[in-house]
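Take a look at the structure set out below.
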Number of protein chains: 2
Amino acid sequence: MTSQPSQPASHPELVTMANDIRLACMRISRRVRFESDQELAPHHFSVLARLEDAPRTNSELAEIERVSAPSMKRTTTHLVEAGYVSRADDPLDGRQVILSLTEEGRAAVERVRRHRDEWMLDRFATLTETELDLLQRASAVLGKVASK
Amino acid sequence: MTSQPSQPASHPELVTMANDIRLACMRISRRVRFESDQELAPHHFSVLARLEDAPRTNSELAEIERVSAPSMKRTTTHLVEAGYVSRADDPLDGRQVILSLTEEGRAAVERVRRHRDEWMLDRFATLTETELDLLQRASAVLGKVASK
DNA sequence: TATTGTTATACTCTATAACTATA
DNA sequence: TATAGTTATAGAGTATAACAATA
């Protein structure tokens with residue numbers, strides 16, 4: 001026991017819990033992607049989800065997704081050709097190109113997201129009422145762990 | 001409410017929870033990998049972790065990891081050259097080559113795993129005692145959701 | 001002949017460096 | 001000259017097809 005109450009790394013049950021929860025999250029994440037990423041490759045879905053919030057330039061997307069500008073260019077070119085993203089010149093700065101989600105792109109994102117949630121709901125169907133209730137209350141805590 | 005008690009997809013709060021928990025798991029998973037996969041690429045770590053349980057042939061690893069035999073061959077060749085994996089002819093079947101974890105490989109897996117758990121423990125340090133207790137009890141349920 | 005491992009070749013996603021156009 | 005976008009080229013990981021060795 002150290003003098004810092006908010007540094008609980010020395011508690012063996014916390015180490016066990018860290019491992020258990022990390023493994024569960026990684027397995028759930030892997031299986032969700034495995035079951036649901038048939039329509040859209042992971043890096044394509046990721047970019048479309050970013051454009052859902054607001055239109056972006058290629059450079060902005062590259063920085064957010066932490067890939068190089070040419071890599072993102074390749075991805076966005078593919079998405080434009082697939083009809084999921086549209087390009088528009090910036091009227092204020094002729095160097096920039098604004099990328100936006102098309103209706104088709106928005107629908108594709110929603111389909112993938114619905115598919116992913118359906119997988120989770122299928123898993124929930126194996127739980128008891130008590131387990132569902134516990135998970136419900138722990139949900140916010142898990143969100144806090146995941147948050148920045 | 002339908003006639004099937006184990007098909008709760010029509011409950012709106014379950015749909016919300018499915019989305020919340022899925023997102024939290026995917027974010028945690030992504031951040032764990034982003035923070036911890038500096039030493040070993042994901043597909044390298046994955047193969048080493050499989051060899052931790054038992055020695056395997058290249059074909060077995062390819063099937064487990066769902067990649068082609070030539071792809072796995074490339075990965076295992078790299079791991080052998082890095083000193084993490086050793087090759088041995090099968091005395092019973094001259095066609096087969098048995099791949100095993102070296103001590104160095106075992107140590108690398110443990111380092112990555114410890115690093116990943118440390119990230120989780122850092123996040124736990126932001127939680128209250130009540131939240132930690134709730135997470136502790138929900139841990140087994142999450143494991144059940146993640147299980148096959 | 002069937003199976004295991006390997007090599008040959010190609011495609012995709014990633015990167016860095018160089019080039020073009022606009023500010 | 002600085003910045004956004006783009007093009008050129010290369011490296012890593014994946015795949016399928018073909019080949020070699022063993023059962």
Side-chain angles (χ1 to χ4, degrees), chain A residues 30 33-34 37-51 54-101 105 108 112, chain B residues 30 33-51 54-101 105 108 112:
Chain A
R30 183 167 49 225
R33 272 184 290 112
F34 186 77
D37 287 358
Q38 319 296 1
E39 175 170 3
L40 241 39
H43 67 293
H44 289 156
F45 175 79
S46 188
V47 166
L48 294 184
R50 295 293 183 183
L51 291 177
R56 307 261 186 205
T57 67
N58 192 74
S59 303
E60 284 171 346
L61 288 171
E63 192 182 350
I64 291 170
E65 295 292 317
R66 300 176 192 257
V67 296
S68 66
S71 292
M72 184 52 73
K73 166 71 179 168
R74 186 189 176 91
T75 299
T76 53
T77 297
H78 178 274
L79 291 172
V80 168
E81 285 168 359
Y84 293 144
V85 167
S86 63
R87 295 163 50 95
D89 292 333
D90 186 337
L92 302 174
D93 185 339
R95 294 171 302 179
Q96 296 199 26
V97 179
I98 311 290
L99 300 167
S100 310
L101 218 52
V112 171
Chain B
R30 182 167 51 225
R33 271 185 290 110
F34 185 77
E35 314 273 344
S36 319
D37 287 359
Q38 317 298 0
E39 175 170 0
L40 242 40
H43 66 294
H44 288 157
F45 175 79
S46 187
V47 166
L48 294 185
R50 294 294 183 181
L51 291 177
R56 305 264 187 201
T57 66
N58 190 75
S59 302
E60 283 171 347
L61 288 171
E63 193 182 351
I64 292 168
E65 296 292 317
R66 299 177 193 258
V67 297
S68 66
S71 293
M72 184 52 73
K73 165 73 178 167
R74 188 188 175 94
T75 300
T76 53
T77 297
H78 178 275
L79 292 172
V80 168
E81 284 167 0
Y84 293 143
V85 167
S86 63
R87 296 163 50 96
D89 292 334
D90 186 337
L92 300 175
D93 186 340
R95 294 171 303 182
Q96 296 200 26
V97 179
I98 312 291
L99 300 168
S100 309
L101 218 52
V112 170

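As the structure is a computational prediction, the values presented were derived from the model and not from experiment. In what follows, every chain begins at residue 1, and chains take the letters A, B, ... in the order their sequences are listed.
Here B:T57 does not reach the OP1 or OP2 of C:dT3: none of its side-chain N or O atoms lies under 4.0 Å away. Distances shorter than 4.0 Å separate none of the side-chain N or O atoms of B:T76 from OP1 or OP2 on C:dG5. Side-chain N/O atoms of A:K73 include one lying less than 4.0 angstrom from OP1 or OP2 on D:dT6. Look at B:R74 and you won't find any side-chain N or O under 4.0 angstrom from OP1 or OP2 of D:dG11. Proximity of A:S71 to the phosphate of C:dC13: no side-chain N or O atom is located under 4.0 Å from OP1 or OP2. Between A:S59 and D:dT3 there is no side-chain N or O to OP1 or OP2 distance below 4.0 Å.
What separates CD of B:E63 from C1' of C:dT4 is a distance of 13 Å, to the nearest Å. Rounded to an integer number of Å, the gap from CD1 of A:I98 to C1' of D:dG5 is 12 Å. At whole-Å resolution of the value, CG in A:L79 and C1' in C:dC13 are 13 Å apart. The distance from atom CG of A:L92 to atom P of C:dA23 is 10 Å, rounded to the nearest whole Å. Per the geometry, CG belonging to B:N58 stands 13 Å off C1' belonging to C:dT7, to the nearest Å. In this structure, the CG atom of B:L40 is 16 Å from the P atom of D:dA12, given to the nearest Å. One can place NE2 of B:H43 at 16 Å from P of C:dC13, the figure rounded to the nearest angstrom. For the pair B:D89 CG and D:dA23 C1', the computed distance is 15 Å after rounding to whole Å.
Annotation: of the two residues near DNA chain C, A:H78 and A:D93, the 5′-most nearest-nucleotide partner is A:H78.
Between the NE2 atom of B:H78 and the NE2 atom of B:H44 there is a distance of 5.0 Å, given to the nearest 0.5 Å.
When distances run from any side-chain atom of A:A69 to the nucleotides C:dT4, D:dT6, D:dG13, the shortest one goes to D:dT6. In the set D:dA4, D:dT6, C:dT16, the nucleotide with an atom closest to the side chain of A:S68 is C:dT16. Among D:dA23, D:dA15, C:dT16, the nucleotide with an atom closest to any side-chain atom of A:P70 is C:dT16. For A:R95, counting side-chain heavy atoms from C-beta on, the closest listed nucleotide (C:dA23, D:dA15, D:dG5) is C:dA23.
Between the B:S36 side chain and the B:R33 main chain, no donor and acceptor come within less than 3.5 Å of each other. Although no hydrogens or angles enter the test, the distance criterion places no donor-acceptor pair under 3.5 Å between the side chain of B:S46 and the main chain of B:P42. Remark: side-chain polar atoms of A:D89 are not paired, donor with acceptor, to backbone N or O of A:G94 under 3.5 angstrom.
Taking all atoms of both residues into account, the shortest heavy-atom contact from B:E60 to B:P55 is OE1-O, 4.4 Å.
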